[in-house]
Amino acid sequence: MNEKTAELYGEDAYDPPATRAALARFASPAFVFAGELDGGPRPEPARHSAEVFPNAELTVQPGAGHY
């Protein structure tokens, strides 16, 4: 294990407001895909993920799971 890298994954490593702000400036198209029966990401969390991008497309494949 890389100890220096592991230290970066502590509680303070993720700042949700800063991440949302950065993703809101992401100019490229983003594609978020989920299966209707998927265990992760489920369609509803996938929709929330797509909402943070200014130019995102969400597709939910009917009757599909993760694999």
(message) Within the 4.5 Å heavy-atom criterion, are Phe31 and Pro29 side-chain neighbours or not?
(response) no

(message) Restricting to non-hydrogen atoms, name the atom on Ala50 and the atom on Leu58 that form the minimum distance, rounded to 0.1 Å.
(response)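 Heavy atoms only, the tightest pair is CB-CB, 4.1 Å.
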
(request) Provide the closest heavy-atom pair for Ala46 versus Val32 in the form atom of the first, atom of the second, distance. (result)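 Smallest heavy-atom distance, with atoms named: O-CG1, 3.5 Å.
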
(request) With rounding to the nearest 0.5 Å, note down the distance linking CG in Asp38 to CZ in Phe33. (result) 8.0 Å

(message) For the CZ atom of Arg42 and the CG atom of Leu37, what is their distance to the nearest 0.5 Å?
(response)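 Arg42 atom CZ to Leu37 atom CG measures 7.0 Å (nearest 0.5 Å).
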
(request) Output yes when a side-chain donor or acceptor of Glu36 lies under 3.5 Å from a complementary backbone atom of Gly63, and no otherwise. (result) yes

